[in-house]
Each structure stands twice: as C-alpha cells, then as structure tokens.
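First listed ligand is number 1; within each ligand, the first listed atom is number 1.
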Amino acid sequence: MAPMFVPGPVDVAEDVLQAQARPILPHRSPEFEEIFHRAEKKARKLFLTEHRVFITASSGTGLQEAAVRNLARSKVLACINGAFGKRWAEVAETNGKDVTRLEVEWGKPITAEVVADALKKDHYEIITIVHNETSVGLENPIQEVAAAVHEVSPDTLICVDAVSSLGGVKIEMDAWGLDMVLTSSQKALALPPGLALGAVNERAMERAKEVPNRGWYFDFVRLEKHRLKDSTPATPAVSLVYALDYQLDRILAEGLEARFARHLAMAKRTREWAIERGFQLFAAEGYRSKTVTAIKNEHGIDVNELNAFLLKRDMRIANGYGPLKGKTFRIAHMGELQMSDMENLFAAFDEFLRGKGML
Ligand SMILES: *Cc1c(COP(=O)(O)O)cnc(C)c1O
C-alpha cells in the first residue's frame with residue numbers, strides 16, 4: 001500500500017476495500033438490516049454515546065447542513081478558526097439562518113472564555129464548532145467549551161464537527177454533554193469516501209421535532225423513524241455500509257485506547273521531527289492536532305516539487321489549505337498509518353532537504 005500522508009481521503013486497508021465487493025443486498029432485506037443494525041451499534045462505541053448514530057449517504061458536509069437545519073430555527077453561533085469552521089458558518093447562512101461568526105486568528109484555539117463571552121451577549125439555539133481543524137492542524141478544547149456552554153447557556157445545543165479526528169482521538173460525546181457529533185468515512189475512520197456518521201442525543205432529537213423546514217433527506221425525525229427499523233429513508237450506500245461494518249470490527253479489535261495512543265505517538269513524532277529540522281508548527285502549543293500536523297513553510301519549499309519527489313517513493317503529503325497553500329504544508333498521521341510509515345516519510349523528506357542543501 002502506498003501511504004498517503006494527506007488528511008483525507010486516506011488509504012483504506014485492502015481487506016476493507018474487499019469488504020465492499022460482496023453482492024449487493026436489497027436494503028429492505030433482513031440480511032442488510034442486520035448489518036446496518038450492528039454497524040450502528042458499533043459506531044456508538046466510537047462516539048462514546050448511548051444515543052444514536054445516523055449513517056447517511058453523503059460526505060461530512062451533508063451533516064453540517066443537517067445540524068443547522070434540524071437544530072436551529074434561526075440563531076447560530078459559528079466558531080471559526082480555520083476553513084472548516086468557516087464552511088459550517090456558510091452552510092448555516094446559505095440555509096437562511098441568522099449566523100454570528102465567532103472568529104479567532106487561525107492557528108489559535110476557540111477557548112471556553114471566548115465562547116462564554118459570546119453567549120453572555122446574546123442567546124443562540126446552537127453553537128457549531130470543529131474539534132480538529134484540519135486546515136490548520138489544531139484541536140479545539142471541546143470539553144472545556146462544552147462545559148462553558150452548559151454553564152452560561154444550558155439550552156444552547158453543542159454541535160461538533162469531528163470529521164478528521166473521530167476514530168483517532170477520544171471524544172466523549174455523552175460525558176462531555178455534546179448534542180451532536182458528526183464525522184466522515186474517509187479520514188480517521190480509514191474508509192472510502194461517501195458515508196457520514198452523525199451521533200445525536202435525546203435533547204437534540206426533541207429540538208428537531210420543533211424546528212420547521214428541516215428538509216427531507218437529512219431530517220432527523222425521519223432518519224430516526226427508519227433507524228428504529230434498521231434502515232434509512234432513501235437507499236443507503238450498501239457497499240460502503242459493508243465496509244463500515246467490517247472496519248468497525250478492525251478498529252475495535254485494535255482497541256480504541258490503543259488506536260488513540262497510536263495516533264498521539266505519530267503526532268508527537270511528527271512535531272518532533274519538524275522542530276528538529278528548524279520548522280515551526282502552525283497551531284498554538286497545547287492545541288496541536290493528533291491526526292494532522294500543519295508546518296510553516298519557512299524554508300520556502302516548493303510543495304509540488306516535494307510531492308513529485310515523494311511520489312516517486314509512493315508517498316504524498318498535503319499542501320496548506322486554501323489561503324495557507326504554499327505557506328504551510330500538512331502531514332497527516334491518521335487512519336491506517338503506522339509509526340514505520342512516518343519514519344519512511346521522514347527519511348525521504350530528509351533526503352529531499354539534503355538535496356536542496358536545507359539539511
Ligand atoms: C474534510 C473535512 C470536512 C469536509 O468533509 P467532507 O466529508 O469532505 O464533506 C469538514 N470538516 C473537517 C474538519 C474536515 O477535515
């Protein structure tokens with residue numbers, strides 16, 4: 001397998017790819033319903049929730065849209081410190097919500113204090129916040145933010161985008177009191193793109209019942225009615241559900257704690273490697289992502305040239321995202337990647353740097 005050190009879509013293990021190849025079952029058959037049922041049950045373990053996980057045929061952005069349509073009639077507080085928080089604000093705005101953007105400098109965290117201050121000034125039905133801001137390699141302190149929301153504005157629902165971290169980093173949905181947590185298949189879960197998973201608690205389900213114009217496809221009330229019959233309102237991505245069911249077994253066999261520890265160890269090693277080479281990390285210390293490291297490109301590396309060099313060795317990294325393209329580059333350490341893959345990457349990267357007289 002040629003490892004890709006990009007923050008999604010990531011490499012998928014061969015046997016997981018193969019799991020998709022079994023014959024298609026009709027989705028309203030008892031055989032498929034059984035698979036759907038057990039996949040949903042296992043998915044709850046990843047979210048550390050006893051509630052429910054909706055499995056949708058969409059990417060994660062679809063569930064960003066579902067969150068704002070189901071849980072807010074109007075007022076949304078959108079926390080932004082990177083491209084995906086910004087996208088969620090746009091999703092809310094384009095769905096006609098009254099959005100207040102709470103933006104802090106990219107690379108700095110959204111703190112409990114700044115959220116508490118915003119909630120003291122005005123009332124919001126939901127807050128949207130990204131757990132792991134992939135664009136800047138930063139992890140927001142969700143547990144503390146959630147505690148502040150509960151204290152200052154207990155009826156404000158907390159919606160968390162964990163697209164690039166769930167499955168690689170521990171997120172305790174129920175213990176932290178998060179109302180909705182969403183993720184995509186193609187990042188830390190190491191599945192092919194095309195599925196999104198959204199965990200929704202009872203409080204959020206109650207809210208959804210009262211919000212008008214939730215739409216059809218992502219309506220939580222409709223999704224729940226069908227989930228209770230181990231199904232979905234429209235045709236699910238049957239083959240991807242096979243892969244999900246299979247990959248969740250693999251993840252649980254590795255052990256969640258072991259998996260989180262593997263991601264953390266790779267993150268620490270990546271930071272250490274970068275700092276030893278004289279690079280600076282983009283995200284503030286104490287808030288650095290455990291699944292992707294964003295590195296400032298102070299040495300003026302041509303990232304395309306670097307990737308051409310790495311591709312000859314069957315590897316690739318990611319350029320900076322959006323406005324940070326060229327100014328940063330990103331090394332992902334999520335999904336199926338192992339420490340030995342990271343060491344191979346660093347050896348090749350060092351060779352590139354030596355060739356440029358930078359090392
Ligand atoms: C990739 C990403 C998204 C977008 O997910 P899609 O599955 O491409 O819709 C949203 N949020 C974060 C944090 C991401 O990393």
Side-chain angles (χ1 to χ4, degrees), residues 4-12 43 46-47 53-69 78-92 94-95 103-104 106-107 109-110 127-142 145 158-169 171 178 180-199 217-218 237 240 243-244 247 263 267 282-283 287-294 317-325 328-335 337:
M4 299 202 286
F5 302 87
V6 300
V10 304
D11 291 307
V12 178
L46 283 183
F47 288 87
V53 178
F54 295 130
I55 301 168
T56 59
S58 71
S59 79
T61 307
L63 289 182
Q64 283 192 340
E65 185 148 295
V68 302
R69 293 198 67 138
C79 302
I80 304 174
N81 58 346
F84 293 106
K86 187 168 165 227
R87 179 183 296 180
W88 212 349
E90 285 167 12
V91 165
T94 53
N95 275 287
E103 183 154 4
V104 308
W106 291 22
I110 307 281
I127 84 158
T128 62
I129 183 164
V130 174
H131 174 249
N132 190 70
E133 214 0 303
T134 322
S135 59
V136 293
L138 180 142
E139 184 178 299
N140 280 313
I142 295 296
V145 167
I158 304 166
C159 304
V160 177
D161 169 333
V163 169
S164 59
S165 48
L166 196 109
V169 180
I171 300 170
L178 311 178
M180 181 186 177
V181 179
L182 64 96
T183 198
S184 305
S185 52
Q186 78 279 11
K187 298 199 181 171
L189 293 182
L191 283 161
L195 281 186
L197 278 68
Y217 195 68
F218 289 115
L240 288 169
L244 172 68
Q247 174 68 341
H263 281 79
F282 189 82
Y287 298 96
R288 288 172 183 155
S289 165
K290 302 179 182 83
T291 57
V292 57
T293 297
I317 63 158
N319 208 324
Y321 193 97
L324 294 169
K325 196 167 176 184
T328 62
F329 55 87
R330 293 170 301 155
I331 298 177
H333 27 79
M334 63 173 78
L337 291 170

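The option with the heavy atom closest to atom 11 (N) of ligand 1, from among Asp161, Val91, Leu63, Asn132, is Asp161. The heavy atom nearest to atom 7 (O) of ligand 1, out of those in Pro7, Gly8, Ser184, is found in Ser184.
In terms of polar-atom proximity, defined here as any N/O pair under 3.5 Å, Gly60 does make such a contact with ligand 1. At least one N or O atom of Lys187, backbone or side chain, sits closer than 3.5 Å to an N or O atom of ligand 1.
Atoms of ligand 1 found under 4.0 Å from any heavy atom of Thr61, numbered from 1 in the order shown, are 4 (C), 5 (O), 6 (P), 9 (O). Contact atoms of ligand 1 toward Arg87: 4 (C) (distance under 4.0 Å to a heavy atom of the residue). Close approach of ligand 1 to Gln186 is summarised as follows: ligand atoms under 4.0 Å from at least one heavy atom of the residue are 6 (P), 7 (O), 8 (O). Residue contact check: Ser59 has heavy atoms under 4.0 Å from atoms 6 (P), 7 (O), 8 (O), 9 (O) of ligand 1. Atoms of ligand 1 lying under 4.0 Å from at least one heavy atom of Thr134, given by number and element, are 12 (C), 13 (C), 14 (C), 15 (O). Counting the atoms of ligand 1 from 1 in the order shown, those under 4.0 Å from a heavy atom of Val130 are 13 (C).
Glu65 and Asn95 share a side-chain donor-acceptor pair at under 3.5 Å.
A heavy-atom separation below 4.0 Å is not found between Glu133 and ligand 1. A heavy-atom separation below 4.0 Å is not found between His131 and ligand 1.
Counting all heavy atoms, side chain and backbone alike, Ala318 lies closest to Pro7 at CB-CD, 3.6 Å. The two atoms that bring Val292 and Arg330 nearest to each other are CG2-CB, 4.0 Å, heavy atoms only. Between Ser185 and Pro192 the shortest heavy-atom distance is OG-O, 2.7 Å.
A salt bridge is defined here as a Lys NZ or Arg NE, NH1 or NH2 lying under 4.0 Å from an Asp or Glu carboxylate O, and Arg288 with Glu139 fails to meet this definition.
At distances below 3.5 Å, at least one donor-acceptor pair connects side-chain atoms of Ser135 with backbone N or O atoms of Ala83.
Nearest to atom 12 (C) of ligand 1 among the protein's heavy atoms is Phe84 CG, 3.3 Å.
With ring centers used as reference points, Phe84 lies under 6.0 Å from Tyr321.
Remark: Phe47 engages no residue in a ring-ring contact (aromatic ring centres under 6.0 Å, His included) (not counting sequence neighbours).
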**Message:** Determine whether Thr293 and His333 satisfy the following criterion, side chain to side chain donor-acceptor pair (under 3.5 Å), listing intermediate values before the conclusion.
**Reply:** CA-CA 8 Å; Thr293 297; His333 27 79; 2.7 Å; yes
